[in-house]
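All values reported here derive from a predicted model rather than from experimental measurement. Residue numbers start from 1 in every chain, and the chains themselves are labelled A, B, ... in the order their sequence lines are given, proteins ahead of strands.
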There are 2 protein chains.
Amino acid sequence: MIYSSELIKGTLKTIVLKLLADNNKMYGYEITQRVKELTSEKIQITEGALYPTLHALENEGLLTTEIEYIGKRVRKYYRLSPSGKTKSQEKLSEFSDFIQTMIFLLDIKTKTA
Amino acid sequence: MIYSSELIKGTLKTIVLKLLADNNKMYGYEITQRVKELTSEKIQITEGALYPTLHALENEGLLTTEIEYIGKRVRKYYRLSPSGKTKSQEKLSEFSDFIQTMIFLLDIKTKTA
DNA sequence: TGCAAATACATCAGATTCTTATGTATCTTT
DNA sequence: AAAGATACATAAGAATCTGATGTATTTGCA
């Protein structure tokens, strides 16, 4: 089961910032694969959505980039800047709060794993 | 604290369908107020977002409407149709699953050294 | 009594964000 | 040799929301 796209809307930046907070550096394609793997393919991040988002975060000064070459193929690594680290924590904390609110509002029974 | 609007994107239909599943019938303005009240004003549904959504749900056959007059002022009540009840449960179940996935995804500790 | 705020509907231009398609190029597997 | 995976990127169009605007009625209170 893949979640309807509207559900995932607005969560992409949060996901990216959190992954980069946990992993020193990551490149775009790696992010799509990691998310797919970690969510049992329930969340599929498309490249058309991811790359513009990464560029936007970079333009906001939240990410820095480094180019690496794997053979002749280019690979662009992203890393959190200091302000990116702060932003990542803020976004995560806000999302966490939001989830609690939604669980209450929608009266959702959570699985205590 | 009011959640950044992007976070709430895509959850509006789910919220509306759930409220209507719990309350026999509701009108638009009432929905905005109920959500504001239930979330301590953290989630503010604007009328510009709500009314088009209600109209869309009605066009999909998920909601039925009844007009009532309070004095001279019109009030439009919305109610779940049978297919709306099914849809409400589906949406809720999907959202619940999505939240579990997000909790897991955003809670991962660093895998790299 | 009079005026601001609240109630209640609605639409719409513009902004944001995502989907889907397309493009380029390299590397790996069969 | 071809297909699929890796890896970047852009862009038209769709979907959805914000913020403004519009109309009208009712309530609260100074």
Side-chain angles (χ1 to χ4, degrees), chain A residues 2-17 19 25-37 41-60 62-63 65-79 91 95 98, chain B residues 2-17 19 25-37 41-60 62-63 65-79 91 95 98:
Chain A
I2 298 171
Y3 300 124
S4 69
S5 65
E6 60 173 26
L7 257 194
I8 302 171
K9 276 181 203 284
T11 62
L12 185 50
K13 280 188 186 177
T14 305
I15 291 172
V16 168
L17 290 172
L19 283 181
K25 61 177 183 176
M26 294 183 85
Y27 54 97
Y29 187 75
E30 185 185 13
I31 292 175
T32 66
Q33 299 307 302
R34 185 71 59 85
V35 170
K36 199 161 84 173
E37 174 199 329
E41 311 209 349
K42 287 177 174 179
I43 297 181
Q44 312 253 15
I45 294 180
T46 61
E47 294 172 286
L50 180 62
Y51 289 119
T53 295
L54 285 172
H55 301 161
L57 291 172
E58 188 186 1
N59 286 336
E60 287 176 56
L62 302 174
L63 305 184
T65 59
E66 298 155 44
I67 299 292
E68 263 189 36
Y69 280 89
I70 309 299
K72 285 181 184 171
R73 193 157 55 191
V74 76
R75 186 181 281 177
K76 200 167 169 185
Y77 277 100
Y78 290 88
R79 196 188 289 268
K91 278 287 202 182
F95 189 74
F98 172 66
Chain B
I2 297 172
Y3 300 123
S4 69
S5 65
E6 60 174 25
L7 256 194
I8 302 172
K9 275 180 202 284
T11 62
L12 184 50
K13 281 188 184 176
T14 305
I15 291 172
V16 168
L17 290 172
L19 282 181
K25 61 178 186 178
M26 294 184 86
Y27 54 98
Y29 187 75
E30 185 184 16
I31 292 174
T32 66
Q33 299 308 302
R34 186 70 59 86
V35 170
K36 198 162 84 173
E37 176 199 328
E41 311 209 349
K42 286 177 176 179
I43 297 181
Q44 312 253 16
I45 294 181
T46 63
E47 293 171 287
L50 180 63
Y51 289 120
T53 295
L54 286 171
H55 300 162
L57 291 171
E58 189 186 0
N59 286 337
E60 288 177 54
L62 302 175
L63 305 183
T65 59
E66 297 156 44
I67 299 293
E68 261 189 36
Y69 279 89
I70 309 298
K72 284 180 185 172
R73 191 157 56 192
V74 75
R75 185 180 283 178
K76 199 166 168 185
Y77 277 101
Y78 289 88
R79 195 188 289 270
K91 278 286 202 185
F95 189 74
F98 171 67

Next item on the list: Apply side chain to side chain donor-acceptor pair (under 3.5 Å) to A:Gln44 and list each qualifying residue two or more places apart in sequence or on a separate chain.
Entry: none

Check: Got a donor-acceptor contact below 3.5 angstrom from the A:Gln33 side chain to the A:Glu30 backbone?
Finding: no

Checklist line | Sidechain N-carboxylate O distance under 4.0 Å for B:Arg79, B:Glu58 | finding: no

Margin query: Can you work out whether B:Ile70 or A:Glu6 has the more 5'-proximal nearest nucleotide on DNA chain C?
Written below: B:Ile70

Next item on the list: Would you classify A:Ser5 as touching base, sugar-phosphate or nothing, given that sugar-phosphate means primed atoms plus P, OP1 and OP2, and contacts are heavy atoms under 4.0 Å?
Entry: sugar-phosphate

Checklist line | With A:Lys25 via side chain to side chain donor-acceptor pair (under 3.5 Å) - residues at least two apart | finding: A:Glu68

Notebook entry, point to check: When we call it a touch if two heavy atoms are under 4.0 Å apart, what does A:Arg75 touch: a base, just sugar-phosphate, or nothing?
Noted result: sugar-phosphate

Show me the donor-acceptor pairs, under 3.5 Å and distance only, between side chains in residues 45-53 of chain B and residues at least two apart or in other chains.
from: B:Thr46; atom 1: OG1; to: B:Ala49; atom 2: N; distance (Å): 3.4
from: B:Thr53; atom 1: OG1; to: B:Ala49; atom 2: O; distance (Å): 2.9

Margin query: Counting the atoms with a prime plus P, OP1 and OP2 as sugar-phosphate, which does B:Ile8 contact under 4.0 Å by heavy atoms, base, sugar-phosphate, or nothing?
Written below: nothing

Note to self: Using a 4.0 Å cut-off to any heavy atom of chain A, which nucleotides of DNA chain C are the first and last in contact, reading 5' to 3'?
What the structure shows: C:dC18 to C:dC27

Notebook entry, point to check: How far does the helix from C:dT1-D:dA30 to C:dT30-D:dA1 bend, going by the axes of its first and last five pairs, to the nearest 10°?
Noted result: 30°

Item checked: Positions of residues 47-60 of chain B (non-hydrogen atom under 4.0 Å from DNA chain D), listed by number -> B:Gly48, B:Ala49, B:Thr53

Notebook entry, point to check: Given D:dC8, D:dT16, D:dC17, which nucleotide is nearest the side-chain atoms of A:Lys76?
Noted result: D:dC8

Note to self: Just the rounded figure in Å: distance from P of D:dA7 to CE of A:Met26.
What the structure shows: 12 Å

Checklist line | Distance, rounded to the nearest Å, where A:Glu30 contributes CD and D:dA5 contributes C1' | finding: 15 Å

